[in-house]
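Shown next, in structure tokens, is the structure this report addresses.
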Amino acid sequence: MSNFLNFPIIPVGASTFAEKVDPLFYLLTLMSTVLTVGIFMGIVIMAAVFRKKPGVDRPSQALHAPILELTWTIIPTIVGLGLFVWGAVLFDDYIKVPEGALQIDVIAKQWMWKVQHENGMREVNDLHIPVGRPVKLTMMSQDVLHNYAVPAMRVKQDVIPGRYTSLWFEPTKTGAFPMFCSEYCGTEHSLMGGTVYVMEPQAYNEWLAGGPKVSPQEAGRFLFEEKLGCVTCHTGVSGARGPDLKEVFGHAVKLADGSSVTADEEYLRESIMEPAKRIVATFTPLMPNFANQLNDEDVANLIAYIKSLTEEEVVEVETGAPAP
Amino acid sequence: MAVVADRQIIHETEIRPRHYLNVNHSFWSWFFTTDHKRIAMLYLGTITVFFLMGGVFALLFRLELMTPEGDLFQADTYNRFFTLHGVLMIFFFLVPSIPATLGNFLLPIMVGCRDLAFPKVNLASYWIFVFAGMFGVGMLASGGVDTGWTFYAPLSTHYSNTSVFMAAMAAFFAGFASILTGVNFIVTVHKMRAPGLTWFRLPLFVWAQYATGIIMMLGTPVIAITLFLVALERVWGVGIFDPAHGGDPVLFQHMFWFYSHPAVYIMILPGFGVISEVIACFSRNKIFGYHFIAFSSLAIAVLGFFVWGHHMFIAGQSVYTGVVFSLITMLVAVPSAIKVFNWTATFYGGNVTLESPMLYAIGFMGLFTVGGLTGLFLAAMGMDVPLHDTYFVVAHFHYVMVGGMVMAFMAGLHFWWPKMTGRMYPEFIAKFNAVIVFLGFNATFFPQFILGWLGMPRRYHAYPEEWQVLNVMSTAGATILGFGFTLAIAYFIWSLFYGERAGNNPWGAKGLEWTIESPPTTHNFHHIPTVTEDPYNYTGREEVNVQQ
Ligand SMILES: [Cu+2]
Ligand SMILES: [Cu+2]
């Protein structure tokens with residue numbers, strides 16, 4: 001019972017935005033309360049004073065008060081304009097990302113959040129960040145609209161398919177803070193949340209270094225399937241726009257000019273960075289050039305992934321074990 | 001001389017006077033009538049059914065929200081419930097509510113003519129509405145829809161596997177019904193005013209309907225196009241909104257809100273009109289600032305088209321666009337604030353009585369004030385970031401739509417019910433009910449402001465435990481509110497059969513509608529009246545000064 005009555009009505013604030021937005025919220029709340037109570041009292045008092053009294057036949061008279069009218073026109077206008085300016089200035093903070101912010105990529109899909117840190121560390125739904133340092137999330141959706149919202153940080157941003165959006169904030173307190181998807185996105189919308197863990201910088205660095213590091217194959221798969229969308233052509237089905245990459249590494253590839261080459265790491269690298277140089281037989285050269293989107297590590301990860309496709313096949317054939 | 005003779009005949013047949021309700025009882029005479037009063041009653045019956053359906057869905061999902069876990073219904077079921085609640089309440093109740101019922105009934109009488117300019121178009125409007133309703137029912141029968149009433153793409157165009165097409169078509173056709181009503185109102189006000197009834201002698205209710213007509217006519221085609229494009233993309237895969245097909249999901253939101261923000265004014269302006277009439281009548285006073293209220297309705301109708309982007313501050317809209325929308329929104333809020341001051345000032349120097357319509361009107365003023373003020377939170381860009389898409393928004397628009405619009409509708413129904421049906425409802429119960437509805441409403445929606453500030457997102461089937469108490473309060477309030485509306489429907493129906501007969505002017509109100517019989521005859525006036533005085537002329541003590 002004591003627990004029942006003990007429910008929060010004031011949200012935790014854990015970012016520099018909370019310090020800026022909360023005063024405006026409480027000021028507006030105060031203003032609204034005063035005005036609402038004032039108007040209601042006004043109505044009650046007037047209704048009482050000017051109530052129709054039996055027996056008294058008072059001719060009605062209209063109020064003439066130009067000064068009053070002017071006042072109640074000018075004051076709301078000034079208040080409205082003031083609020084507009086205050087709100088716009090606050091919003092300016094929300095969009096101006098400070099230099100040196102920690103860059104984190106977020107990909108949303110029905111119904112999960114995939115987060116990737118600068119060093120390749122990945123997590124799902126949760127987000128680990130250090131306290132006292134601005135963080136910028138660059139986000140994109142793979143299907144419908146979503147919205148990344150952390151109430152304690154007072155941030156929220158729609159996540160849109162086919163377009164990057166971003167948000168930033170600077171946590172001021174350590175702890176675990178809930179995160180929610182705030183744009184309706186279908187069946188499991190209300191379960192599409194997670195936790196933001198704000199840690200001491202030391203602890204964060206340890207987490208970043210010691211946590212379950214993503215293997216190069218995993219990172220490559222992420223690039224291949226999600227970030228760069230290679231799968232859209234290399235679907236692995238015959239008749240697709242790009243060749244099936246399963247049986248490529250270590251095998252002979254027939255090229256359009258009739259020659260043939262054994263696919264090694266260098267061949268794979270060249271196929272990714274300069275796809276037009278050597279064309280696979282029977283395919284139209286429509287593969288885009290990815291050279292300026294990829295750093296060396298990405299390419300290495302991609303190659304590791306493509307290699308793993310072949311190895312998997314081999315392993316499966318050898319053991320005959322059913323797929324999990 | 002003829003006038004006198006006419007009147008005598010009526011007095012002699014007092015026992016069973018012929019009026020629009022009892023001229024003919026056949027099915028055909030009701031469902032294919034061109035009498036604006038009968039059409040108003042048909043609309044009233046139809047939208048009440050939709051209101052009850054929408055209300056039941058609301059109660060069902062409020063039941064689910066009693067517990068933090070999503071345990072009562074499946075997530076998909078829950079999502080359908082809130083979507084159906086929204087679609088039915090917005091497109092099938094709130095938009096037609098006052099214009100199609102009270103507006104239809106009263107506008108011709110208030111401008112002193114025998115029917116709307118295009119009676120057959122009016123009938124067509126009703127039947128289109130019914131046709132749209134059939135799509136609605138078909139949509140329900142085929143499993144409902146789960147996209148939210150906002151139909152955001154690409155969820156609606158691609159990912160949802162419910163009856164989006166049927167739902168979009170239902171709203172699409174309902175829109176045409178409202179366009180026809182709007183056009184009819186505009187022409188009637190321009191062309192059919194009685195002699196002597198100048199623009200500034202029109203009751204404010206008429207001004208409000210006129211302004212609403214403009215929005216209906218200009219705004220509704222845009223939502224029709226938008227929904228049509230959704231159908232096109234969904235059924236034939238034409239890429240308009242889904243980026244996977246080369247479309248843009250933000251474009252959908254622009255098109256959607258270009259109508260749906262003005263639609264907020266389609267819903268609230270007629271309410272303003274009702275409140276002006278009721279407050280003037282029960283204060284027995286001239287409305288304060290008549291010209292201001294009349295013109296601000298028009299100004300709101302026009303400016304209301306330039307604020308839609310305040311729904312999209314963090315939806316991927318450009319920041320500069322957002323700034324402009326925020327500014328205009330703040331400016332549009334000012335006239336609404338002044339209106340509340342004007343109504344309050346109307347009490348001054350009057351002879352105030354608190355009959356049930358007045359209690360609802362006072363409830364309206366309080367709740368609408370809260371709704372408007374919390375709108376300022378959301379219009380200030382920086383403040384909108386934490387509040388957007390939370391229960392704060394849900395509470396805000398229910399304060400405007402239910403606390404404002406539905407309260408005004410209740411005020412209007414109680415005010416004109418004697419005129420429409422010739423019967424009085426039990427006044428004491430009605431007063432009691434006004435209090436019940438007011439309290440139930442606040443219990444339902446006030447906790448939602450707090451939930452929103454705590455960060456609870458909208459459209460959540462399950463939620464963290466610490467928000468349970470506030471949600472339980474809200475559900476309890478919804479039950480009281482549901483009881484209140486049911487009670488009102490019950491005593492209105494009761495009054496049809498057992499209510500005391502109302503005289504022509506039970507409230508001692510001014511206005512042409514109070515000079516004719518209750519219920520009116522099919523042709524409203526025996527002779528077209530000539531108007532010689534300003535509206536709300538309560539200052540003198542003589543009875544209504546209208547020459548027949
Ligand atoms: Cu979601
Ligand atoms: Cu709006």
Side-chain angles (χ1 to χ4, degrees), chain A residues 4 7-9 11 21 24-25 28 32 35-36 39-40 42-43 46-47 50-52 58-63 72-73 76-77 80-81 83-84 86-88 90-91 94-95 143-145 147 149 151 154-158 160-163 165 178 180 182-191, chain B residues 75-76 79 148 152 154-155 159 243 249 284-286 288 314-316 319 323 326-327 330-331 333-334 337-338 340-341 344-345 347-353 362 365-366 369-370 373 376-377 380-383 385-386 388-389 450 453-455 457 459-462 464 466 469-470 538-539 541:
Chain A
F4 183 78
F7 59 91
I9 57 168
V21 173
L24 178 55
F25 182 86
L28 273 168
S32 307
L35 263 168
T36 310
I39 288 178
F40 222 81
I43 293 172
M46 297 247 262
F50 296 103
R51 73 182 180 281
K52 186 172 186 162
R58 171 160 38 86
S60 305
Q61 78 216 91
L63 175 66
W72 76 38
T73 309
T77 312
L81 289 177
L83 262 177
F84 158 71
W86 193 337
L90 263 181
F91 198 76
Y94 272 111
I95 54 170
D143 37 45
V144 299
L145 299 171
N147 181 306
R154 310 285 187 270
V155 290
K156 183 179 287 133
Q157 172 63 49
D158 271 12
I160 306 172
R163 174 191 302 202
T165 55
F180 302 98
S182 290
E183 182 67 65
Y184 176 64
C185 55
T187 312
E188 277 171 33
H189 168 55
S190 67
L191 299 179
Chain B
D76 278 330
N79 294 343
Y152 270 16
L155 184 66
Y159 290 87
R284 312 255 145 27
N285 208 356
K286 237 190 177 63
F288 184 87
I314 55 171
V319 182
V323 169
S326 170
L327 178 63
M330 290 293 181
L331 295 179
V334 175
I338 300 177
V340 174
F341 297 137
T344 314
F347 285 50
Y348 183 91
N351 291 295
V352 180
T353 53
I362 290 177
M365 286 206 274
T369 303
V370 175
L373 285 167
L376 297 181
F377 289 63
M381 295 175 84
M383 192 70 250
V385 176
H388 182 80
D389 266 333
I450 304 172
W453 178 227
L454 290 171
R459 299 166 168 179
Y460 257 38
H461 172 229
E466 69 258 31
V469 178
L470 289 163
Y538 288 97
T539 24
R541 265 170 246 163

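Since this is a predicted model, take the numbers as computed values, not measurements. Proteins get letters first, then strands, A, B, ... in listed order; numbering begins at 1 in each.
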Open item on the list: Is any side-chain heavy atom of B/N285 closer than 4.5 Å to one of B/N351?
Closed with: no
Task: Most contacts with chain B, counted as non-hydrogen pairs under 4.5 angstrom, among A/T36, A/N147, A/L90, A/L28 - done: A/L28
TODO: Name the region of A/F40, side chain, backbone, both or neither, that has any atom closer than 4.5 Å to a heavy atom of chain B.
DONE: side chain
Open item on the list: Please enumerate all residues that pass salt bridge (Lys or Arg N to Asp or Glu O under 4.0 Å) together with A/D158, with sequence neighbours excluded.
Closed with: none
Open item on the list: Taking salt bridge (Lys or Arg N to Asp or Glu O under 4.0 Å) as the definition, give me every residue that meets it alongside A/R163, ordered by chain and number, with sequence neighbours left out.
Closed with: B/D248
Task: Part of A/L83 within contact of chain B (heavy atom distance under 4.5 Å) - done: both
TODO: Counting only heavy atoms closer than 4.5 Å, note whether A/A47 contacts chain B via side chain, backbone, both or neither.
DONE: both
Task: Spacing of CG belonging to A/D143 relative to CG belonging to B/L155, to within rounding of 0.5 Å - done: 9.0 Å
Open item on the list: Using a 4.5 angstrom heavy-atom cutoff, name the option from A/T165, A/I160, A/L35, A/V155 with the most pairs to chain B.
Closed with: A/I160
Task: Contact origin within B/Y152 toward chain A - heavy atom pairs under 4.5 Å - done: side chain
Open item on the list: So for B/P249, is it side chain, backbone, both, or neither that comes closer than 4.5 Å to the heavy atoms of chain A?
Closed with: side chain
Task: Spatial distance of atom CD (B/E466) from atom CD1 (A/I9) [nearest 0.5 Å] - done: 13.5 Å
- [ ] Mind ranking A/C185, A/G186, A/P8, A/P178 by heavy-atom pairs under 4.5 Å with chain B and telling me who comes out on top?
- [x] A/P8
TODO: Over all heavy atoms of both residues, which pair between B/L454 and A/P11 is shortest? Give the atoms and the distance, please.
DONE: CD2-N, 3.5 Å
Open item on the list: So for A/Y94, is it side chain, backbone, both, or neither that comes closer than 4.5 Å to the heavy atoms of chain B?
Closed with: side chain
- [ ] Sort A/W72 into side chain, backbone, both or neither according to what part of it lies under 4.5 angstrom from a heavy atom of chain B.
- [x] both
TODO: Select one option (side chain, backbone, both, neither) describing which atoms of B/A333 are under 4.5 Å from chain A's heavy atoms.
DONE: neither
Open item on the list: Can you tell me which portion of B/P386 sits under 4.5 Å from chain A's heavy atoms? Options are side chain, backbone, both or neither.
Closed with: both
- [ ] Name the region of A/P76, side chain, backbone, both or neither, that has any atom closer than 4.5 Å to a heavy atom of chain B.
- [x] both
Task: Portion of B/F341 that has a non-hydrogen atom of chain A nearer than 4.5 angstrom - done: both
Open item on the list: Looking at B/S326 and A/F84, would you say the former's side chain and the latter's main chain have a donor-acceptor pair under 3.5 Å?
Closed with: no
